[in-house]
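For the numbers below, each heavy atom of this structure counts, side chains included, while hydrogens, waters and symmetry mates do not.
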Amino acid sequence: MTPVSGSLEDYRIEALIGKGGMAEVYRAVALAGPRAGQPFAVKRLRPDLAHDPEFVRLFEQEAEITRRLRHPGIVEVIDTGFAGGTPYIVMDYVDGKNLRQILAQCATRRILLPVDFAVYVAHQVSTALAHAHEGTDGRGRRLGIVHCDVSPSNVFISKLGEIKLGDFGVALKAGSRASGPTAGAFGKIPYLAPEQIRGETPTPRTDIFALGAVFFELLTNEAAFPGRDPNEVGQRILRGKLRAPSELR
């Protein structure tokens with residue numbers, strides 16, 4: 001990896017643009033180096049978790065996994081480091097919206113995404129996942145990474161039409177299992193594969209299942225596995241209770 005800089009001081013933090021259970025994401029602008037003036041996204045471990053060794057380890061694991069990924073369909077990691085004792089990751093800034101926001105706008109306007117656009121998005125995400133699953137890094141080592149959280153909020157669409165998969169925060173090496181505070185709590189219920197719900201080891205098929213649920217939603221703007229609460233959704237997934245998209249469209 002060729003870093004933009006070695007210090008977070010080389011970026012001007014402008015605005016908070018996202019917040020999750022473990023980290024905060026800010027829009028920033030590079031102040032020095034060959035990319036001075038360009039916008040980036042800076043992901044930092046939440047201050048209240050910065051002194052917890054287990055959360056720091058998990059954040060460092062995310063940085064190690066994501067900086068090995070180099071694919072036009074994956075949000076690229078530019079730099080990693082520590083600032084004030086808090087780990088951070090500098091990533092490409094995708095100027096646009098995530099798929100969850102776009103689907104919400106479609107619901108408000110009572111329209112559906114064009115089928116060809118839905119197919120295009122699913123295809124682009126599938127090529128990104130194929131790279132994570134089967135691709136190699138700069139040293140020729142197989143990546144073997146399972147995203148574990150493929151969902152509309154992690155698919156970003158830029159104003160230029162670029163489709164990028166992001167947030168590998170709970171990603172695992174194929175064949176490994178989650179440990180620590182996030183064990184058994186990764187992913188979002190409507191997109192979990194049965195093996196995730198059962199607490200089994202995720203495999204690349206886990207991501208393919210989630211992509212299928214996302215594709216169903218792209219076509220219909222409804223959940224592939226609806227339910228009144230997470231338990232009902234999980235039981236529906238475990239039973240394989242499916243609907244055809246043509247029932248809704």
Side-chain angles (χ1 to χ4, degrees), residues 14-21 23-30 35 38-43 62 65-67 69-78 89-133 135 145-171 186-192 206-225 245 248-249:
E14 296 194 330
L16 178 69
I17 57 176
K19 191 172 184 178
E24 300 170 332
V25 182
Y26 295 83
R27 186 183 186 276
V29 173
R35 303 191 193 188
Q38 293 184 24
F40 292 92
V42 175
K43 185 174 184 178
E62 175 187 356
I65 286 176
T66 52
R67 66 185 174 185
L69 296 166
R70 290 290 181 270
H71 186 274
I74 295 175
V75 176
E76 183 175 352
V77 169
I78 305 299
I89 301 172
V90 180
M91 306 172 289
D92 278 339
Y93 174 71
V94 181
D95 186 12
K97 298 181 182 294
N98 65 47
L99 188 56
R100 170 59 60 216
Q101 294 169 320
I102 292 173
L103 288 171
Q105 290 180 333
C106 288
T108 299
R109 297 172 61 186
R110 297 184 178 181
I111 61 174
L112 294 173
L113 291 172
V115 172
D116 55 352
F117 178 74
V119 172
Y120 175 70
V121 172
H123 173 72
Q124 293 298 101
V125 175
S126 71
T127 61
L129 288 173
H131 175 72
H133 297 160
I145 295 169
V146 183
H147 187 283
C148 296
D149 192 17
V150 178
S151 60
S153 60
N154 289 334
V155 177
F156 301 91
I157 302 176
S158 78
K159 293 177 180 178
L160 298 177
E162 300 168 301
I163 314 294
K164 290 184 178 286
L165 177 65
D167 199 348
F168 282 73
V170 295
F186 51 84
K188 302 173 183 69
I189 292 292
Y191 312 96
L192 294 184
T206 303
D207 287 342
I208 295 170
F209 183 95
L211 177 58
V214 172
F215 191 23
F216 185 100
E217 202 163 335
L218 278 165
L219 293 169
T220 66
N221 211 352
E222 290 196 23
F225 301 95
L248 302 169
R249 183 172 190 172

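Sorted by first and then second residue, the ring-ring contact (aromatic ring centres under 6.0 Å, His included) pairs involving residues 103-129 (not counting sequence neighbours) form an empty list.
For the atom pair CZ (F156) and CZ (R100), the distance works out to 12.5 Å, reported to the nearest 0.5 Å. How far CZ of F168 is from CZ of R67: 15.5 Å, rounded to the nearest 0.5 Å. Of the inter-residue distances, the one linking L219 atom CG with L248 atom CG reads 10.0 Å to the nearest 0.5 angstrom. E76 contributes atom CD, which lies 10.5 Å from atom OG1 of T66 (distance to the nearest 0.5 angstrom). We find the CG-NE2 distance between L165 and H71 to be 10.0 Å, quoted to the nearest 0.5 Å. Taken from CZ in R249 to CG in L112, the straight-line distance is 4.5 Å, to the nearest 0.5 Å.
The shortest non-hydrogen separation linking M91 to V75 is CB-CG1, 3.9 Å. The minimum heavy-atom distance between G73 and A128, with the atom names listed, is O-CB, 3.5 Å. The shortest heavy-atom contact between E217 and A223 is OE1-CA, 4.3 Å.
With I163 as the partner, the side chain to side chain contact (heavy atoms under 4.5 Å, CB included) test is satisfied by one option alone out of L99, V94, V121: V121.
Looking at N154, its side chain does come within 3.5 Å of a backbone N or O of D149 through a donor-acceptor pair. Formation of a donor-acceptor pair under 3.5 Å by the N98 side chain with backbone atoms of I157 is not found in this model. In this structure, D207 contributes its side chain and V146 its backbone to no donor-acceptor pair below 3.5 Å. Side chain of H147 to backbone of H133: no donor-acceptor contact under 3.5 angstrom is found.
With a 4.5 Å cut-off on side-chain heavy atoms, S153 and K188 count as touching. D116 has its side chain out of reach of V119: every pair of non-hydrogen atoms, C-beta onward, lies at least 4.5 Å apart.
For K97, the salt bridge (Lys or Arg N to Asp or Glu O under 4.0 Å) test picks out no residue, with sequence neighbours left out. Every residue meeting the salt bridge (Lys or Arg N to Asp or Glu O under 4.0 Å) condition with D167, not counting sequence neighbours, appears here in chain and number order: K43. Every residue was checked against the side chain to side chain donor-acceptor pair (under 3.5 Å) condition with Y93, not counting sequence neighbours, and none meets it. Under the salt bridge (Lys or Arg N to Asp or Glu O under 4.0 Å) criterion, K164 pairs with no residue at all, not counting sequence neighbours. With sequence neighbours excluded, the residues forming a ring pair (Phe, Tyr, Trp, His ring centres under 6.0 Å) with F209 are F225, listed by chain and number.
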**Message:** As a quick check of understanding, evaluate side-chain contact (heavy atoms from CB on, under 4.5 Å) for V214 and V125, giving each step before the final call.
**Reply:** CA-CA 10 Å; V214 172; V125 175; over 6 Å; no
**Prompt:** Passes side-chain contact (heavy atoms from CB on, under 4.5 Å), I78 versus D92? Steps please.
**Reply:** CA-CA 7 Å; I78 305 299; D92 278 339; 3.8 Å; yes
**Asked** Between I111 and C106, does a side-chain contact (heavy atoms from CB on, under 4.5 Å) hold up when you go through it step by step?
**Response** CA-CA 5 Å; I111 61 174; C106 288; 4.1 Å; yes
**Item:** Steps toward side-chain contact (heavy atoms from CB on, under 4.5 Å) verdict (Y191, L211)
**Value:** CA-CA 8 Å; Y191 312 96; L211 177 58; over 6 Å; no
